[in-house]
Amino acid sequence: MSDCLFQRYRHHVLAAVRAMLPEVSEETLARVEVTPTRDPSHGDMATNAALLLAKVARRKPADIATDLVAALEKVEGVAGVAAAGPGFVNITLVPDVLRSALPAVLKAGENYGDSQSGAGVRVNVEYVSANPTGPMHVGHCRGAVVGDALANLMAKAGFAVTKEFYINDAGAQVKALAWAVYWRYLQALGTTVTEEAFDALTPTGLQYRGEYLIPVGEALVAQYGDNLAESGANPAPELTWLDTVRDFAVAQMLLAIKEDLAALGVHQNVFTSEAQVLRDGVTDAAISTLEKQGLLYEGVLEPPKGKLPDDWEEREQLLFRSTQFGDDVDRPMRKSDGTNTYFANDIGYHADKVARGAQMMVDVWGADHGGYVKRMKAAVRAVTNDAVPLEVVLCQIVHILRDGQPVKMSKRAGTFVTLRDLIDEVGKNAVRFTMLTRKSDAQMEFDLDLVVAQKRDNPVFYVQYAHARCRSVLRAAQEDGSYGATTPDVLAGVPMGCLDSDAEMALVRRMAEWPRLVEAAALAREPHRVAFYLADLAGDFHALWNRGRDDASLRFLQPDAPDATRARLALVAATATVIRSGLAVMGVEPVEEMR
RNA sequence: GGACCCGUAGAUCAGCUGGAUAGAUCGUCAGAUUCCGAAUCUGAAGGCCGGAGGUUCGAAUCCUCUCGGGUCCA
């Protein structure tokens, strides 16, 4: 049984509708909503049932609404029902029913809002998946936070979530990494070869010249001495060292990435290697699955219209018929050198996720991969026979601002480029919260000054401040001692009848919405809704707090009225609990006091 | 040339998968408050939801076209 008030009364509405119109399809019933009202004068919740049923029943919405009113008036806990507007039915609840949200919160603790709507479906959420060629930079940050929060959110909504990181360790870029590390290795050995000479020697030219590889080269010396080089610290043939150096380098980079993720509070359960998936034959198996379905062919792509790449040459290659699944053109599976494209290996990787039990996949990508979505969905549909859906959440670019001016990412200028620098400057919590204050498909400005400002317009501060105020009240009550114990169990049993002011009831209503919000946000794959909900909740709480400024009798602790105080303490404790519940989804730690 | 994302108050953004009079913060204006529950508060003004068609009981939301901005395209 769900503890969600809106679900509970939706069932009553559905029962009333079924009794009235037995012939209504389940499909129509599924669209019946019971939602919070925006305007308190409309009661506590409203349903659109009459509007939806008008066509099926061939009656006016207002007439159906009238009948529904009569049926719903008899439901337990309903104080009043009224038809309104074009055919809405507004329901006003007995205040005690609303207040029952408080003991529900206090008993459930941070688990309040947990839902079964995900029905235990095994969903694989993949995010970050940065190339293991260097430390994480700020560009990775949004995807990391959004992915992590989305995974938490879906878990709270009742999905069985796997948090996954995909290691792109089979492509040309890790080979280039190996060469770059080998160069640092030779340097550590004191080579006389110049950087220019080594650059010329490297197949694709020396990339990844960043200083972060110097310690990796040194570590290589510590482990292998000069065994990977010719005498005199000269380069040895690629064959003799490439695999060793590449594996070593990738492992080191991955370690660094995991440290960065840990600093951000991101801890994925599964790290899957592209190279391993290849070695296991999963990729080949996936490709032959497509082959058997007749979805692969040798063909020639037309050159892109508009600007033509300089090195364009017409050539025959293995193509996937993604156009059959709504893509714009068929997509190549093999490069000119005969190796797999990233796309081909990604197909294998997604097949691997399915083989490991995923019933649903969500990938969180940067906006620069937007052009990749259609083909990947097409391939997943083909390779899984449409059984395992893939959804892609795209995260748009983040612009970092300081004093309202864009921060140029430049090592030379001393401005930061790495994720770690960002975390060091403003803190993990501010980074995470702020990254969730926009829907992910909108571009975002990240203002370094604002996110640490202790001002009303900084939602991080505003929400944390509300929590700190709650905790402060509870501490004071505890120290005073005359209000009895302030543990959740005790407060859950307190009579709440005296909570009846507008501000108090607004807060109660807001908390009653939390389970519903979790479900809706999870369904929409939109973790940012949690941040906005918490800002609203904090707003309700601050408003209540402010009443006590003008009128001391509205303060939470009333020595002359211990019963009322206990009820208010229950309200405060519940508020803190719901804030923590939301922050937990976002991966933000609540603070006990502001300093 | 094409694909994807965005366009909502002066600014920054929400808008709960199509619902009632489109919301919040900042800024502006008008009040309150030498308080310590003030790291302010109350209230007001402010809108062609980029534009034009369409779908239906009903559109910021869905469809088509179009204009801006951003990403990307073996």
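Naming convention: chains lettered A, B, ... in sequence-line order (proteins, then strands); numbering from 1 in each chain.
- Counting only N and O atoms by type, the side chains of A/Glu519 and A/Ser115 include a donor and acceptor under 3.5 Å apart.
- Whole-Å rounding puts the A/Phe461 CZ to B/U25 P distance at 15 Å.
- The closest side-chain heavy-atom distance from A/Leu523 to A/Ser117 is not below 4.5 Å.
- Annotation: proximity of residues 521-536 of chain A to RNA chain B (heavy atom, distance under 4.0 Å) is found for A/Leu523, A/Ala524, A/His528, A/Arg529, A/Phe532, numbered in ascending order.
- When heavy atoms are screened at a 4.0 angstrom cut-off, A/Glu513 is found touching no nucleic acid atom at all.
- For A/Arg142 and B/U71, the CZ to P distance is 14 Å, given to the nearest whole Å.
- Between the A/Arg566 side chain and the A/Tyr483 main chain, a donor and an acceptor come within less than 3.5 Å of each other.
- Checked against a 6.0 Å centroid threshold, the rings of A/Tyr166 and A/Tyr342 do not count as neighbours.
- Along RNA chain B, the nucleotide nearest A/Pro86 and the nucleotide nearest A/Gln396 are compared for position; the residue whose nucleotide lies closer to the 5' end is A/Gln396.
- You'll find that the side chain of A/Asn90 is closest to B/A20, out of B/A20, B/A3, B/C41.
- Here A/Tyr465 reaches the OP1 or OP2 of B/A39: one of its side-chain N or O atoms lies under 4.0 Å away.
- Remark: A/Arg469 is not in phosphate contact with B/G37, judged by side-chain N or O atoms under 4.0 Å from OP1 or OP2.
- Under a cutoff of 6.0 Å and an axis angle of 45°, A/Arg321 and A/Tyr297 form a cation-pi pair.
- Mapping A/Thr37 and A/Pro61 onto RNA chain B via the closest heavy atom, the residue that lands nearer the 5' end is A/Thr37.
- The aromatic rings of A/Phe325 and A/Phe320 sit parallel, their planes meeting at an angle under 30°, below the 60° perpendicular limit.
- The nucleotide whose nearest atom lies closest to any side-chain atom of A/Asp39 is, among B/U21, B/C41, B/C4, B/U21.
- Distance from the side chain of A/Met594 is smallest to B/A39 among B/U25, B/C41, B/A39.
- Of the residues in residues 433-443 of chain A, those with a non-hydrogen atom less than 4.0 angstrom from any atom of RNA chain B are A/Arg438, A/Lys439, A/Asp441, A/Gln443.
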TODO: Would you sort out whether A/Trp365 and A/Val373 count as a side-chain contact (heavy atoms from CB on, under 4.5 Å), showing the intermediate values?
DONE: CA-CA 9 Å; A/Trp365 295 348; A/Val373 174; 3.8 Å; yes
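- Side-chain polar atoms of A/Ser553 and A/Asp551 form a donor-acceptor pair below 3.5 angstrom.
- Listed by chain and residue number, A/Asp536, A/Asp540 satisfy the salt bridge (Lys or Arg N to Asp or Glu O under 4.0 Å) test with A/Arg510 (two or more places apart in sequence, or in another chain).
- Proximity of residues 370-383 of chain A to RNA chain B (heavy atom under 4.0 angstrom from any strand atom) is restricted to A/Lys374.
- The backbone N or O of A/Thr565 lies less than 3.5 Å from no partner atom in the side chain of A/Gln558, so there is not a single donor-acceptor pair.
- Residues satisfying the ring pair (Phe, Tyr, Trp, His ring centres under 6.0 Å) test with A/His350, not counting sequence neighbours, are none.
- One can place CG of A/Leu319 at 9 Å from C1' of B/A74, the figure rounded to the nearest angstrom.
- Going from atom CZ of A/Arg547 over to atom P of B/G43 covers 8 Å, rounded to whole Å.
- Put simply, CD1 on A/Ile397 is 10 Å from P on B/G70, counting in whole angstrom units.
- B/G10 is paired with B/C26 under the criterion used here, namely a Watson-Crick or G-U wobble arrangement in which both key atom distances are under 3.5 Å.
- Looking at A/Ser581 and A/Lys156, their side chains do bring a donor and an acceptor atom within 3.5 Å of each other.
- Taking only distance into account, the side chain of A/Arg516 meets the base of B/C16 through a donor-acceptor pair shorter than 3.5 Å.
- Among the protein residues, A/Leu517 comes within range of no part of the nucleic acid, since none of its heavy atoms lies under 4.0 Å from any strand.
- Taking the salt bridge (Lys or Arg N to Asp or Glu O under 4.0 Å) definition, one finds that A/Arg331 meets it with A/Asp327, sequence neighbours left out.
- Pair assignment for B/U71: B/A3, on the basis of Watson-Crick or G-U wobble contacts that are both within less than 3.5 Å.
- Using a 4.0 Å heavy-atom cutoff across all strands shown, A/Ala520 reaches sugar-phosphate atoms only and no base atom.
- B/U21 makes up no base pair with any nucleotide shown, lacking Watson-Crick or G-U wobble contacts both under 3.5 Å.
- Rounded to whole Å, atom P of B/U28 lies 13 Å from atom CG of A/Asp457.
- Distance from the side chain of A/Asp368 is smallest for B/C72 among the nucleotides B/C13, B/C72, B/C57.
- Here the P atom of nucleotide B/C41 and the CG atom of A/Asp551 are 17 Å apart, to the nearest Å.
- Counting only heavy atoms from C-beta on, A/Ala367 has its side chain closest to B/U71 among B/C16, B/U71, B/A24.
- Atom CG in A/Asn458 sits about 13 Å away from atom C1' in B/U12, given to the nearest Å.
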